[in-house]
Engineer: 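The structure under discussion is supplied below as structure tokens; questions concerning it will follow.
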Amino acid sequence: LLAAVAVLALFGWRSFERAGVWRSELTLARDAAAHYPDGISAQLLRAQNAARRGDVDAAVAALRAAGARGYDRFIDLEREPVYASLRSDARFRAVVAEIAGAWISEVAPRNQLTAPELRMLGHAHAARGEWESALARLEEVAALGGPGSEGIRADLAEVRGRKLRAEREAARAGASEAGEVDDAPPP
């Protein structure tokens with residue numbers, strides 16, 4: 001009996017000791033990185049630290065390593081403020097497109113996708129610059145109606161705007177290569 005009480009007391013103390021790990025996402029990620037230095041959490045922490053330093057190559061390498069381990073939250077890369085300084089870099093956009101492509105490969109073959117899956121599929125195609133596929137998926141989910149319709153309409157407007165900006169950038173790049181430089185700011 002005394003041995004059982006001692007074991008319970010030890011486990012109780014250990015549980016109390018480990019409870020601090022769950023204080024925040026950051027403490028949990030740091031603990032996971034410490035225990036699994038090649039895992040997704042460690043790679044994401046490396047990517048975030050590299051992004052803060054402006055080291056695109058290190059951030060991209062860490063994100064590719066996270067993707068190779070199953071990380072598929074491409075939308076976080078597009079929205080998290082820590083990556084804002086990298087978003088205009090082609091290397092960063094390429095790794096976001098790779099991770100979105102992996103998500104598409106996993107989800108698209110499924111039968112009868114749910115509305116949230118269709119919505120995310122639209123965003124994944126947009127992350128890859130596949131504008132027509134992105135709009136088609138978002139229009140498909142918008143046609144379903146129901147809760148969240150306002151958000152889906154906002155998503156459609158956002159993707160249409162991104163498509164238009166991408167087309168303008170491509171036209172400007174083409175004009176620049178042809179020697180037809182237009183110094184006027186975009187509307």
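Since the structure is predicted, the reported quantities are computational estimates derived from the model, not experimental observations.
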Engineer: Could you state the interatomic distance from CH2 (Trp131) to CZ (Arg160), rounded to the nearest 0.5 Å?
Structural biologist: 13.0 Å

Engineer: Only counting residues at least two apart or in another chain, list the ones meeting salt bridge (charged side-chain N to carboxylate O under 4.0 Å, His left out) with Asp155.
Structural biologist: Arg119

Engineer: So, for Arg46 and Ala62, which heavy atoms are closest and what is the spacing to 0.1 Å?
Structural biologist: CB-CB, 3.9 Å

Engineer: Using a strict cut-off of less than 4.0 Å between a Lys/Arg side-chain nitrogen and an Asp/Glu carboxylate oxygen, indicate whether Glu117 and Arg110 qualify as a salt bridge.
Structural biologist: yes

Engineer: Any chance you could lay out the salt bridge (charged side-chain N to carboxylate O under 4.0 Å, His left out) test for Glu169 and Arg172, step after step, and finish with the verdict?
Structural biologist: CA-CA 5 Å; Glu169 287 175 24; Arg172 258 187 253 123; 5.7 Å; no

Engineer: Just grab all the salt bridge (Lys or Arg N to Asp or Glu O under 4.0 Å) pairs involving residues 58-70, residues at least two apart or on different chains.
Structural biologist: Arg64-Glu98

Engineer: Between the side chain of Ser149 and the main-chain N/O of Gly146, is any donor-acceptor distance below 3.5 Å?
Structural biologist: yes

Engineer: Nearest 0.5 angstrom please: Arg137 CZ to Leu121 CG, how far?
Structural biologist: 6.5 Å

Engineer: Work out which heavy atom in Val96 is nearest to a heavy atom in Phe74; give both atom names and the distance.
Structural biologist: O-CB, 4.1 Å

Engineer: Taking the side chain from Tyr83 and the backbone from Ser85, do they hold a donor-acceptor pair closer than 3.5 Å?
Structural biologist: no

Engineer: Can you measure from CG (Asp57) to CG (Asp89) and round to the nearest 0.5 angstrom?
Structural biologist: 8.0 Å

Engineer: Looking at every non-hydrogen atom in both residues, tell me the closest pair between Ala51 and Ala59 and how far apart they are.
Structural biologist: N-CB, 4.2 Å

Engineer: CG of Leu77 to CZ of Arg93: how many Å apart, nearest 0.5 Å?
Structural biologist: 14.0 Å

Engineer: Ignoring hydrogens, what is the shortest heavy-atom contact between Ile99 and Arg73? Give both atom names and the distance.
Structural biologist: CG2-N, 4.2 Å

Engineer: So which atom in Leu138 and which in Gly122 form the shortest heavy-atom distance, rounded to 0.1 Å?
Structural biologist: CG-CA, 4.2 Å

Engineer: Let me confirm one number: the CG-CD distance from Leu86 to Glu80, rounded to the nearest 0.5 Å.
Structural biologist: 12.5 Å

Engineer: Within a strict 4.5 Å, meaning less than it, do heavy atoms of the Ile152 and Leu144 side chains meet?
Structural biologist: no

Engineer: How many angstroms lie between atom NE2 of His125 and atom CD1 of Ile104, to the nearest 0.5 angstrom?
Structural biologist: 4.0 Å

Engineer: Which heavy atom of Arg128 sits nearest a heavy atom of Ala100, and at what distance?
Structural biologist: CG-CB, 4.0 Å

Engineer: Using the rule given for side chain to side chain contact (heavy atoms under 4.5 Å, CB included), can you reason through Leu63 versus Gln43, listing the C-alpha separation, both sets of side-chain angles and the distance that settles it, and then say yes or no?
Structural biologist: CA-CA 6 Å; Leu63 290 170; Gln43 298 300 338; over 6 Å; no

Engineer: Does Glu78 offer a backbone N or O that forms a donor-acceptor pair with the side chain of Arg87 under 3.5 Å?
Structural biologist: yes

Engineer: Any donor-acceptor pair under 3.5 Å linking the side-chain atoms of Asn49 with those of Arg52?
Structural biologist: yes

